[in-house]
Amino acid sequence: AAVGATVRVGLDPAALQQGIVDHLRYSIGQLPALATPAHYYRALALAVRDRLQDRWIRTTETYFEQERKLACYLSAEFLLGPHLANNLLNLGLEEAARGALAALGQDLDTIIDCEPEPGLGNGGLGRLAACYLDSLATLAYPAVGYGIRYEFGIFAQQIRDGWQIERTDKWLHAGNPWEIAKPDICYEVNWGGHTETYADEAGLQRVRWVPFRVVKGLAYDTPIQGFGVDTCNTLRLWSAEAVESFDFQAFNTGDYFEAVEAKLRSETVTKVLYPNDEPAIGKRLRLAQQYFFVSCSLQDMLRILDLAGVPVERFAERYAVQLNDTHPSIGVAELMRLLIDERHLDWDQAWAITVAAFGYTNHTLLPEALETWSLPLFRECLPRHLEIIFEINRRFLDQVRARFPGDEARVARMSLIGEVGDKQVRMAHLASVGSHAINGVAALHTDLLENSVLADFHELWPERFSNKTNGVTPRRFLALANPGLRALLDRTLGTDWLVDLTALRRLEAHIEDPAFRSEWRAIKHANKRRLADYIATQTGVELDPNWLFDIQVKRIHEYKRQHLNLLHILTLYRRLKADPGLGIPPRAFIFGGKAAPGYFLAKRIIKLINAVAGTINADPEVNERLKVAFVPNFNVRNAELIYPAADLSEQISTAGKEASGTGNMKFMLNGALTIGTLDGANVEIREQVGDENFFLFGLTADEVARLQRQGYRSADWLDSHAELRAVLDMIGSGHFASGDSEVFRPLVENLTDSDPFLVLADYAAYVACQERVASAWSDPERWTRMAILNTARCGRFSSDRAIREYADEIWGLQPVAVSAHI
Ligand SMILES: CCc1ccc([C@H](C)CC(=O)N[C@@H]2O[C@H](CO)[C@@H](O)[C@H](O)[C@H]2O)cc1
């Protein structure tokens, strides 16, 4: 390549160094002498992006030239995490970057820490979408992610006096070198207004939507580079702006606010991510966000089809559109609108294309998380879509009546319109009727889906249902997060495990090698040291890496039962206070996770965790054996410090409530043992690793359902375990709140009165199981064997395996080899 080119694309330290220096001067305009790490971060990011560019363009060209089918992953959330280190890994540029920066007097790790994290998601669903993009590119599948470019992502969590405080996430304040604005790729999106029928030039009846408001959607593209391949796919995020961003007439009349009013109003559509995961929020802005990005995405797909000269009738041959939960499910009605009102296809043709193109993934069974929209709100915002949904429903219910004659109860249950109380549009029903494939995210979850929430649909269309157990990318969550273990695996197995995680099975041949086991422990110890240092800087809590690190990190939610974990800690605390000589192994209990700002009880749980931490950590009678820490602002960046440092992974949700979990897989990957219920993917983790390498406790999903059917009374369980009442009384007494017995009353009452997630019912089994953990921990060689087996047997939980299943069984997608000739 020409000399100039090497500065742009060379992968050697010298070329990269020159690339950094050039960007510092020509892109950032910073005098090297005054350049800060943040400037070097930006310069390196731009230099790395240069090295992605040829691959990016070549990938898009290849898909276009070869007229390949594309998977379009529609998600309201993409929890990508920091880009720099991940792109260096996937391009094999880490050492070159470290060398180039060192030559410029800079440290790579310091520079990496300068990147603001793109927190465009809440938790599991958003991170899964990000892992899937990494696997799609690494496996060379033609795919594009479509989502929303929120100006403000998930809030930054600060802990003040034990309470969660939300801070605005200004991730874009210094710009974003990983995105390229594409102002020429923009679409108009209608909102509100009314519809009217008219006769078109052929005299055919047509419907026109006369919107009340129109906003413009602009594309911002982010490269998604695969690991060890030239494939670089696109994540296209839409940002809203006014069609007319400055109304000069209003300005002339001196009404300055009016002049910018449209701009302000339009931009609010993509201003901020809704920080709720689970309870659905029927807010019109949320519906506007969902419709906005879906309409831009479908219009974009049709434009690309036109560019390729492919008739719209072949839409479903060229696009597999996956709905990441119901959040983008308005897409079913929007594609119908675009095909009928704008492309003038007839209903049946349009419907056949729509069903063939869409797939729907359900991520939760919690009734409060199933999205429904009130009819008046829906009619006011999307009048044309409501007409289309009514017509979809009419035809669908005819089908149901034909199949189940006279069963009007079933018709009412399955209708897209809920008639009980004020009428609602049921988005899970729209997604199910409009998709040829419906899947859950773990075997148990899919079973429950087929026998509960979507049972009627499963009975009608069993062929549409399949399970796609979640997965996680081993690139970010092992190779990047755990360099020590990565090096050991590379030395022991070679490097193919990174793209074929089942290769880790070969580790089992080394289990009986004491040197290997001690090296394994040394790596874990170093990771625990690293996390302890981080926690000390963030919280002031000093943790000893020789202790058992017992970790629960995930969104705070009653069904995830962080409060059950606390009841165990308080049981140990009371036992130690009663008998300071008690021979329990020293344990560090580490928590992390955000609570939805409006989730009262979840915020009390965070407060209680910090209150208990304050009391225990300051108590010399117990803090030689027990310590508690709450890691603030749990996100992808510090998750990479946390998963490799765990000895024990807490996956203790009420059976039947956690659809899958993915943190459980990331802990397993990094050699942590799991204590958990038979819920979500825990079931499959235990199947893979063997029940002797998994600490199981608690009621099964069937037992939970039976107990709830029989009318579960938590009070009956209070006396099932003497210590249980004691620890609840201790919480209620204000012991952890300098005598204030009010602050945690709602939590105690929630447990003693209703306990909707059966915390008290599982308490005894959990405490007993934790005693089994303690005795296993007291035998380090046994523990290390179990830890190695967890890593060795986690191959199934790679997002590569999951994506291959989607591609083969739902999308009909083939990989496309891309070579960028660089
Ligand atoms: C409308 C508010 C809202 C927002 C997000 C959600 C998500 C579905 C919640 C979520 O993240 N679910 C998690 O998805 C993961 C990926 O499949 C699973 O592993 C988790 O078990 C599930 O809780 C529901 C409702």
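Please read these numbers as outputs of a predicted model, since none were measured by experiment. Atoms within each ligand, like the ligands themselves, are counted from 1 in listed order.
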Distance-only polar pair, side chains of [X] and [Y], donor-acceptor under 3.5 Å:
X	Y	result
Q322	N324	no
Q552	N565	yes
N393	H429	no
Y806	N439	yes

If hydrogens are left out, which of [options] has an atom nearest to [atom], that is, the closest non-hydrogen atom?
atom	options	answer
atom 18 (C) of ligand 1	G661, C131, G121, A129	G661
atom 10 (C) of ligand 1	T326, L125, N470	L125
atom 5 (C) of ligand 1	H327, E368, Q290, K560	H327

Contacting atoms of ligand 1, where contact means under 4.0 angstrom from a heavy atom of [X]:
X	value
A659	21 (O)
N276	2 (C), 3 (C), 4 (C)
Y559	23 (O)
E658	20 (C), 21 (O), 22 (C), 23 (O)
D325	8 (C)

TODO: Please state whether R555 comes within less than 4.0 angstrom of ligand 1, counting heavy atoms only.
DONE: no

- [ ] State whether the side chain of N233 and the backbone N or O of Y141 hold a donor-acceptor pair below 3.5 Å, judged by distance alone.
- [x] yes

Open item on the list: So, using ring-ring contact (aromatic ring centres under 6.0 Å, His included) as the criterion, who are the partners of H568 when residues are at least two apart?
Closed with: F589, Y766

TODO: Only counting residues at least two apart or in another chain, list the ones meeting ring-ring contact (aromatic ring centres under 6.0 Å, His included) with H83.
DONE: W178

Task: Which segment of E371 sits under 4.0 Å of ligand 1 when only heavy atoms are counted - done: side chain

TODO: Just say parallel, tilted or perpendicular for the rings of Y559 and F757, cut-offs at 30° and 60°.
DONE: tilted

Open item on the list: Geometry only, no angles: is S660 polar-contacting ligand 1 at N/O separations under 3.5 Å?
Closed with: yes

